Amino acid sequence: MQTSFTLAQLADPEVAESEKILRACVHCGFCTATCPTYVLLGDELDSPRGRIYLIKDMLENDRPATAEVVPHIDRCLSCLACMTTCPSGVHYMHLIDHARAHVEETYRRPFVERVLRAIIAKVLPDRKLFRLSLFAAFLAKPLAPLLDLVGLAPVAAMLRLAPAKIPPPGRLGPCVIPAEGERRGRVALLTGCVASVITPQINEAAIRILTRHGIEVALAEGEGCCGSLVHHLGRKEEALQAARHNVDAWMGEIQGEGLDAILVTASGCGTTIKDYGYMLRNDPHYAERARMVAALGRDVSEYINKINKLKVAPTPALVVAYHGACSLQHGQKITREPKEVLSKSGFVVKDVPDGHLCCGSAGTYNMLQPQLAMALRDRKVACIAKVAPDVIAAGNVGCITQIAGGTEIPVVHPVELIDWATGGPVPGALRRLVDTV
Ligand code: SF4
Ligand code: SF4
């Protein structure tokens with residue numbers, strides 16, 4: 001694609017990077033077929049190619065975002081299916097991140113939207129505030145239909161997404177969980193924010209698998225939200241601050257006892273952590289260290305799949321529908337490892353038809369775009385039903401919550417199944433099912 005940025009514009013490193021991305025696009029349109037919003041809405045402006053044109057127009061002409069453009073940018077899930085499809089290697093993720101920051105800087109959203117986004121940005125990354133807000137949401141759940149009627153669908157969606165039961169707090173750092181027997185490796189594990197509050201059992205399962213197989217696990221002092229929640233809201237500086245914070249925390253471990261990897265059980269966070277090197281590339285104090293941290297980032301399935309000889313104990317050979325989270329399959333290009341390690345653990349793994357399409361969770365998307373998110377969820381649940389599974393496995397807390405809201409089939413993280421198969425407890429969501437097998 002031809003571009004006509006001035007030299008003055010290209011002096012801004014963000015613009016220079018976006019210009020490179022724009023030039024790679026040959027407008028072939030292959031990406032439209034795999035874009036969930038184009039599939040649902042059929043509007044070119046809600047396709048990757050259409051959005052690329054809108055972003056080019058804003059950046060090239062130094063145009064502030066407008067009420068006509070913003071909805072198309074907002075409707076993008078950042079699922080990155082377009083990056084998997086694109087034959088020209090267009091780095092859409094970095095382009096849409098830049099566009100979201102541009103929207104945030106140049107567009108004044110309606111009052112309710114501003115308040116809602118500010119609340120999300122403040123509450124979700126903060127474990128204590130998020131936990132408190134879940135109690136409030138639980139009490140306010142019956143008001144959801146009323147909020148829908150008065151035009152506050154995003155607030156209603158938030159209430160509906162709040163879990164019916166809030167688990168006791170999970171283990172947080174700083175601490176080191178020693179390996180059982182001879183130590184064969186040492187990793188850090190991200191505790192993060194939302195996942196540590198609503199699904200603490202996932203990291204506990206990961207810790208049991210790792211230590212059982214000789215891997216010491218460190219929960220680093222000061223580590224917290226990876227920054228992806230605010231990043232996707234266009235709040236660039238807040239995202240960079242979160243990234244710096246985690247870089248400092250993990251550098252302490254790297255320079256101390258050392259780390260073989262930094263493991264993440266929420267793939268949305270993993271995609272962001274693997275991008276820290278890019279995010280902080282223009283920060284002279286952090287660029288090098290951010291690259292080191294990013295290079296150590298691994299999805300937990302990547303690491304566990306490399307463990308020699310999983311200690312598998314007999315469990316029922318359940319049929320598992322594997323849902324590939326977008327951040328895992330498109331963001332990190334990890335498709336094989338979670339399924340391989342589930343198979344090695346004795347489960348019968350089935351792919352979900354149209355598995356490349358997002359379930360609608362996408363970070364805060366299911367709160368901010370509830371109707372589209374619900375349509376995608378229903379489509380995903382119908383596709384999953386076609387393989388008639390006993391259980392659904394997904395490597396991202398957002399997908400687990402989203403899909404579980406639309407089906408009676410239990411939804412768990414792959415590590416919960418692998419932990420069970422290697423000597424851990426039956427996953428909580430499966431207890432009733434296992435009793436009947
Ligand atoms: S597939 Fe790639 S090159 Fe083709 S229009 Fe989409 S982003 Fe551009
Ligand atoms: S990230 Fe997903 S929703 Fe956004 S343009 Fe690409 S395919 Fe479409």
Side-chain angles (χ1 to χ4, degrees), residues 1-3 17-60 65 69-103 228-229 231-234 267-268 270-272 274-275 278 323-333 335 354-377 379-380 383 396 398-399 402:
M1 180 183 285
Q2 270 200 335
T3 59
E17 198 60 42
S18 288
E19 194 248 7
K20 266 194 244 154
I21 300 169
L22 290 166
R23 287 175 78 88
C25 175
V26 295
H27 358 178
C28 64
F30 287 167
C31 51
T32 54
T34 55
C35 171
T37 54
Y38 184 75
V39 168
L40 285 183
L41 303 169
D43 182 344
E44 171 76 12
L45 293 179
D46 285 312
S47 78
R49 185 172 60 179
R51 292 187 178 109
I52 286 170
Y53 277 113
L54 293 175
I55 296 167
K56 176 178 185 283
D57 181 55
M58 282 194 298
L59 298 181
E60 221 171 38
V69 171
V70 171
H72 299 295
I73 304 290
D74 283 354
R75 282 200 280 268
C76 171
L77 295 131
S78 282
C79 69
L80 310 179
C82 46
M83 282 181 63
T84 298
T85 318
C86 176
S88 300
V90 172
H91 205 304
Y92 180 84
M93 177 173 108
H94 290 158
L95 188 66
I96 192 76
D97 286 345
H98 184 188
R100 292 192 202 283
H102 181 77
V103 169
S228 65
L229 288 169
H231 199 39
H232 291 158
L233 293 171
S267 62
T271 306
T272 299
K274 288 182 176 182
D275 204 38
Y278 178 83
H323 162 73
C326 295
S327 42
L328 206 50
Q329 60 166 324
H330 303 307
Q332 300 179 47
K333 305 287 179 252
T335 51
D354 278 343
H356 62 281
L357 284 179
C358 182
C359 66
S361 165
T364 55
Y365 193 90
N366 49 3
M367 297 172 212
L368 296 169
Q369 301 284 339
Q371 277 145 357
L372 285 174
M374 203 67 104
L376 288 170
R377 184 196 74 181
R379 197 185 163 109
K380 180 63 69 183
C383 285
N396 191 43
C399 310
Q402 173 80 350

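Just so you know, these numbers come straight off a predicted model, no measurement behind them. Order of appearance sets the numbers: ligands from 1, and atoms from 1 within every ligand.
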(message) According to side chain to side chain donor-acceptor pair (under 3.5 Å), who are the partners of His323, at least two apart in sequence or on a separate chain?
(response)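 Partners of His323 by the side chain to side chain donor-acceptor pair (under 3.5 Å) criterion come out as none, since no residue qualifies.
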(message) Applying side chain to side chain donor-acceptor pair (under 3.5 Å), can you list everything that pairs with Ser18, at least two apart in sequence or on another chain?
(response)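 Scan of Ser18 (side chain to side chain donor-acceptor pair (under 3.5 Å), adjacent residues dropped) gives His98.
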Residue pair [X] / [Y], side-chain heavy-atom distance below 4.5 Å:
X	Y	value
Ser228	Thr271	no
Leu95	Ile52	yes
Cys76	Tyr92	yes
Met93	Asp97	yes

(message) So if I count the atoms of ligand 1 from 1 in the order they appear, which ones are less than 4.0 Å from some heavy atom of Ser88?
(response)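 Result: 3 (S).
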(request) Please identify which atoms of ligand 1 are closer than 4.0 Å to at least one heavy atom of Pro87. (result)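 Those of ligand 1 that fall under 4.0 Å from Pro87 are 1 (S).
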(request) Give the contacting part of Cys326 toward ligand 2: side chain, backbone, both or neither, where contact means a heavy-atom distance below 4.0 Å. (result)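 Neither part.
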(message) Students should be able to answer this: which protein heavy-atom is nearest to atom 4 (Fe) of ligand 1, and at what distance?
(response)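 The protein heavy atom lying closest is Cys28 SG, 2.3 Å.
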(request) Starting from atom 8 (Fe) of ligand 1, locate the nearest protein heavy atom and write down its residue, its atom name and how far away it is, to 0.1 Å. (result)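 Answer for atom 8 (Fe) of ligand 1: Cys25 SG, 2.4 Å.
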(message) Return the NE2 to CG distance between His72 and Leu54, rounded to the nearest 0.5 Å.
(response)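 So the NE2 of His72 and the CG of Leu54 are separated by 6.5 Å.
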(message) As an exercise, state the distance from NZ of Lys20 to NE2 of His91, rounded to the nearest 0.5 Å.
(response)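 Taking NZ in Lys20 and NE2 in His91, the distance rounds to 11.5 Å.
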(message) Please give me the protein atoms (N, O or S only) lying under 2.8 Å from atom 8 (Fe) of ligand 2, ordered by chain and number.
(response)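 Protein N, O or S atoms closer than 2.8 Å to atom 8 (Fe) of ligand 2: Cys35 SG.
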(request) Look at atom 7 (S) of ligand 1 and find which of Val26, Ile52, Leu95, Thr32 reaches it with the closest heavy atom. (result)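 Looking at heavy atoms only, Ile52 sits closest to atom 7 (S) of ligand 1.
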(request) Closest by any non-hydrogen atom to atom 5 (S) of ligand 1: pick that one out of Gly29, Gly50, Ala33. (result)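 That would be Gly29.
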(message) Quick check on contacts: which atoms of ligand 2 are under 4.0 angstrom from a heavy atom of Leu80?
(response)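 Those qualifying, in numeric order: 1 (S), 2 (Fe).
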(request) Write out all pairs satisfying salt bridge (Lys or Arg N to Asp or Glu O under 4.0 Å) with one or both partners inside residues 354-367, taking only residues at least two apart or from two chains. (result)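 Of all non-adjacent pairs touching residues 354-367, those that pass salt bridge (Lys or Arg N to Asp or Glu O under 4.0 Å) are Asp354-Arg379.
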(request) Flag the pair His232 / Tyr365 as yes when their ring centroid distance falls below 6.0 Å, and as no otherwise. (result)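 So the answer is no for these two rings.
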(message) Can you tell me if, anywhere in Cys86, an N/O/S atom lies at a distance from atom 2 (Fe) of ligand 1 that is smaller than 2.8 Å?
(response)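 Of the N, O and S atoms in Cys86, at least one lies under 2.8 Å from atom 2 (Fe) of ligand 1, which means yes.
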